[in-house]
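Start at 1 and go down the list; that is how both ligands and their atoms are numbered.
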Amino acid sequence: MSDGSLRKRKKQTETKSKPQNEASAKEPHHVDDELEIDTATLFRYTRILSIPILLFLGVFLYLNPSALSDAVNAFFGFESEDRFGTPGVSGDALFISDVEKRDAVVEAFKHAWRAYERDAMGSDEYHPISQNGSNLTEAGGIGYTVIDSIDTMLIMGLDDDYKRARQWIEDKLDFERDAEFSTFETTIRLLGGLLSAYHLSGNDSIYLDRAIDLADRILPVFDTQSGLPMSQVNLAQRKGFPNDEYPNLVTTAEVATLQLEFRYLSYLTGREEYWTKVESVMKTIKEARMPHGLASIYMDVDSGKFVPSAIRLGSRSDSYYEYLLKQYIQTNYTERVYKDMYDDAIQSVHTHLVKKSPYARMLYTSELIPEQHPNGQLSWRLTPKQDHFVCFFGGSLMLGSTITGANVQPVSVPPMKTELTEIGSRDWQTGTALVKTCWDTHDTATGLAPEVVHFRIPEDGMDDANMHTPVDWYIKGARPGEHPPYDARYILRPETIESLFIAFRLTGDVKYREWGWSIFQAIEKHCKVETGGYAIIINVDEVPSRKEDKMETFLMSETLKYLYLLFDDTNTLPLDKYVLNTEAHPLPIFTPNIRTPFVGH
Ligand code: DMJ
């Protein structure tokens, strides 16, 4: 813009000077006089013009008191007094796609999808090194990869790939499989994927028909004493089964992360049972509230109570927190009960789990591990362990603060401090700090973050262990020259990138794009399989990296989708119109047309 106005100004000067030169050719002795007159005229005009300009500026600053300080802060990169973050740098980037980077992400998606299509079309999972597919059970595939990827193709505008994938769904998809599948995974990846494809394709009925077929096969899992769903479902028998590993128990994330999908299906079909079954789970969870307000990772499927087990934001409870907020958003903020449950849970997280590392003061969330004493008493041991899963939480907190913690709607980008309540402001700051921590855990040899990190605490005994004492965080059990522990791997997970996408949308701060780009490049460098696809790496601190022969389906449904959205402009899937399920399948926000018993007033 400034180039254009400079060019314009130069042109005006040239046009003006022309008659002057003509005049001076005729009357060379009056050149100085004319110049003096011109200068005087110019001075007079400037004085006249300056009055309305100053008036205009005065009114503008009166109406936008922070405009001047914002400009200064943006120039020097200071945090504004009135706002969170540094607008200006920021704001403009929001509406401009970074086309080159966005297209690079599309190329990566094509590299993944087309290899899968070439070697394993229709198989549930893909193994890029052996160029093979495999199914989750011996009963045959259920379209795990195809359905999880199809909305990303629609969003990226990959029409030909999309048509072939749709054709596969029309011709080959079959849920009549006599085997047990995870209730949670089948819902978030398949039901979520089908519903999203239905909406994004402009209501192509094939997806809704398949979604209804699948949901009806899953519904019997809710037929338990407590109404909490069983972990496994046999799709052909239409029957729920417990998990072999922990019969009678269900995980909190699994039971509390089915709601967005079944509620949207209920909205589309008018069938209340989809709604009431998943809503009754939330009612059970609300009634089971423990005194500290936190959720353990396991619940008893008969009693509907929490059982003493780890408390954390990571695996087996992560998306419980995510869906509390998203259920409130999904129904257009009409169900107050979810706001209350969310605020209550987040307060407890702040009270009990949010901690800082000793040196760089990195903010993280700890775990609480229950310990049963011989006298029967239960105590909780704080463990400074943070799963990669937790990295969804920074972005989620930021989003929550602009909704449940806002005084006005919508808040500015980034929010003005006066627009957030005290709680909202706390969540915003915790959220941005957690996003930064997750980014900082990419400080590894590959630039990729491990599956699990531990933070230093005074009593960890690490100082005596060896010469290379970690400063703030470390990968537990990782020793040079030895086989890496499970925690050291990067399995193409999306959580940090998901938070970067949300943080960018809410702030417009380009640093989130820069961090995302750096992670994308690391994936390209260390996980890409030249013949096609991407693979897990078993140690983020080892270069060249060693790969494992698996490409998780969430690479195409989440990781690459979030990267694409990070570099695209805000018109694609605006956050005030869509809520993304935990597998990054976008579902539209709607106002519910049924009134249910669980209104929570
Ligand atoms: C995804 O399947 C979902 O995001 C789920 O909620 C947990 N995490 C994996 C990806 O890491």
What part of Ala584 sits under 4.0 Å from ligand 1 if we count only heavy atoms: the side chain, the backbone, both or neither?
neither
Between Glu552 and ligand 1, which residue portion shows a heavy-atom distance shorter than 4.0 Å: side chain, backbone, both, or neither?
neither
The closest protein heavy-atom partner of atom 2 (O) of ligand 1 is Glu583 OE1, 2.6 Å
min-distance protein heavy atom vs atom 7 (C) of ligand 1 -> Phe389 CE2, 3.7 Å
Please verify the inter-ring angle class for Trp517 with Phe567; under 30° counts as parallel, over 60° as perpendicular, anything in between as tilted.
perpendicular
Students often mix this up, so state it plainly: with edges at 30° and 60°, are the rings of Tyr126 and Tyr116 parallel, tilted or perpendicular?
perpendicular
May I ask you to identify the nearest protein heavy atom to atom 6 (O) of ligand 1, giving residue, atom name and distance to one decimal place in Å?
Thr582 OG1, 2.7 Å
Please answer whether the main-chain N or O of Ser130 pairs with a side-chain N or O of Asp549 as donor and acceptor at a distance below 3.5 Å.
yes
Consider only side-chain N and O atoms of Asp151 and Tyr198, and report whether a donor and an acceptor are under 3.5 Å apart.
no
Taking atom types as modelled and ignoring hydrogens, do the side chains of Arg493 and Thr496 form a donor-acceptor contact shorter than 3.5 angstrom?
no
Should the proximity of Arg189 to ligand 1, defined as any heavy atom under 4.0 Å, be assigned to the side chain, the backbone, both, or neither?
side chain
Donor + acceptor pair across side chains of Asn243, Tyr246 (<3.5 Å)
yes
May I ask whether Glu498 has any heavy atom positioned less than 4.0 angstrom from an atom of ligand 1?
no
Between Tyr321 and Phe393, what is the ring plane arrangement, given parallel below 30°, perpendicular above 60°, and tilted in between?
perpendicular
Has ligand 1 got any nitrogen or oxygen that is less than 3.5 angstrom from a nitrogen or oxygen of Asp318?
no
Name the option, out of Glu495, Glu254, His388, Arg316, that contains the heavy atom nearest to atom 9 (C) of ligand 1.
Glu495
Atoms of ligand 1 close to Arg493 [distance to a heavy atom under 4.0 angstrom, numbered from 1]
9 (C), 10 (C), 11 (O)
Once you measure the plane-to-plane angle for Tyr534 and His111, does it fall in the parallel (<30°), tilted (30-60°) or perpendicular (>60°) bin?
perpendicular
Relative to ligand 1, is Glu322 under 4.0 angstrom through side chain, backbone, both or neither, heavy atoms considered?
neither
